[in-house]
Amino acid sequence: MAWVGAIGRLGLALLFMWSGYGKVADPASTVAYMQAYGLPATGLLIWPALLLELVGGAMLALGWKARWVGLVLAVYTVAATFIFHAYWSAPADQVMNEQIHFMSNLAIAGGLLLVVAHGSGRYALDKS
């Protein structure tokens with residue numbers, strides 16, 4: 001059943017690589033989105049976020065330093081969740097949507113923590 005872990009790792013990785021690609025494809029929209037939430041220096045912050053998502057996602061997909069990158073991506077995901085999906089302060093018509101995103105992101109972080117706990121598995125560059 002080692003292949004199941006590889007597929008799970010790939011699924012998590014694709015989510016981050018897709019998000020990173022979106023930032024590359026349309027950085028202005030991402031900067032505007034970040035500014036709407038009051039983040040400072042969004043023109044600078046987009047680049048480490050983009051790199052983390054693309055490079056971290058690729059590392060996770062390949063199973064290279066998967067425990068380390070899983071932890072970094074889990075922390076990043078939880079931080080982003082509390083910033084961008086604070087459903088408790090959303091307008092009434094947006095609460096349910098934000099709550100769904102909030103819980104989904106916590107589930108993603110949980111999956112990443114499973115990678116931290118169990119390693120990259122058999123089908124990986126590190127095989128840990």
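No hydrogens, no waters, no symmetry mates; every other heavy atom, side chains included, goes into these values.
- Leu14 is linked by a side-chain contact (heavy atoms from CB on, under 4.5 Å) to Leu10, Met17, counting only residues two or more places apart in sequence or in another chain.
- Among residue pairs with one or both ends in residues 109-118, none qualify as salt bridge (Lys or Arg N to Asp or Glu O under 4.0 Å); sequence neighbours excluded.
- Pairs engaging residues 78-95 under the salt bridge (Lys or Arg N to Asp or Glu O under 4.0 Å) rule: none recorded [sequence neighbours left out].
- The hydrophobic cluster around Tyr123 extends to Met1, Trp3, Val4, Ile7, counting ILVMFWY residues whose side-chain heavy atoms fall within less than 4.5 Å of a member.
- Tracing side-chain contacts under 4.5 Å through hydrophobic residues (I, L, V, M, F, W, Y), one never reaches Phe16 starting from Tyr21; they form parts of separate clusters.
- With hydrophobic clusters built from ILVMFWY side chains whose heavy atoms lie under 4.5 angstrom apart, Leu113 does not share a cluster with Val115.
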*Under the side-chain contact (heavy atoms from CB on, under 4.5 Å) rule, what do Arg67 and Ser120 come out as? Steps first, then yes or no, please.*
CA-CA 7 Å; Arg67 289 180 194 260; Ser120 56; over 6 Å; no

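- Hydrophobic cluster membership differs between Tyr76 and Leu71, with clusters built from Ile, Leu, Val, Met, Phe, Trp and Tyr side chains linked at under 4.5 angstrom.
- Every residue meeting the ring-ring contact (aromatic ring centres under 6.0 Å, His included) condition with Trp88, not counting sequence neighbours, appears here in chain and number order: Phe82, Phe102.
- Partners of Lys65 by salt bridge (charged side-chain N to carboxylate O under 4.0 Å, His left out), not counting sequence neighbours: none found.
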Side-chain donor-acceptor contacts of residues 43-50 below 3.5 Å, not counting sequence neighbours, with atom names and distances?
| from | atom 1 | to | atom 2 | distance (Å) |
| --- | --- | --- | --- | --- |
| Trp47 | NE1 | Gly43 | O | 3.1 |

Without placing hydrogens or testing angles, list every side-chain donor-acceptor pair under 3.5 Å for residues 25-42, not counting sequence neighbours.
| from | atom 1 | to | atom 2 | distance (Å) |
| --- | --- | --- | --- | --- |
| Asp26 | OD1 | Ser29 | N | 3.4 |
| Asp26 | OD1 | Ser29 | OG | 3.4 |
| Asp26 | OD2 | Ser29 | OG | 2.5 |
| Gln35 | NE2 | Thr42 | OG1 | 3.3 |
| Tyr37 | OH | Phe84 | O | 3.4 |

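- Residue His85 is tested with His101, Glu98, Gln94 for a side-chain hydrogen bond (donor to acceptor under 3.5 Å, both in side chains); the sole match is Glu98.
- Val116 and Leu112 fall into different hydrophobic clusters, where Ile, Leu, Val, Met, Phe, Trp and Tyr side chains are chained together by heavy-atom contacts under 4.5 Å.
- Taken from CG in Leu15 to CH2 in Trp18, the straight-line distance is 7.5 Å, to the nearest 0.5 Å.
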With a cut-off of 3.5 Å and sequence neighbours excluded, list every side-chain donor-acceptor pair involving residues 104-111.
| from | atom 1 | to | atom 2 | distance (Å) |
| --- | --- | --- | --- | --- |
| Ser104 | OG | Ile100 | O | 2.9 |
| Asn105 | ND2 | Thr81 | OG1 | 3.0 |

Indicate every side-chain donor-acceptor pair of residues 55-64 with a distance under 3.5 Å to a residue at least two apart or in another chain.
none

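- Within the structure, salt bridge (Lys or Arg N to Asp or Glu O under 4.0 Å) pairs that include any residue of residues 47-59 comprise Lys23-Glu53 (at least two apart or interchain).
- Clustering ILVMFWY residues whenever any of their side-chain heavy atoms sit less than 4.5 angstrom apart, transitively, puts Val78 in a cluster other than the one holding Leu52.
- Note on residues 107-121: no pairs pass salt bridge (Lys or Arg N to Asp or Glu O under 4.0 Å), not counting sequence neighbours.
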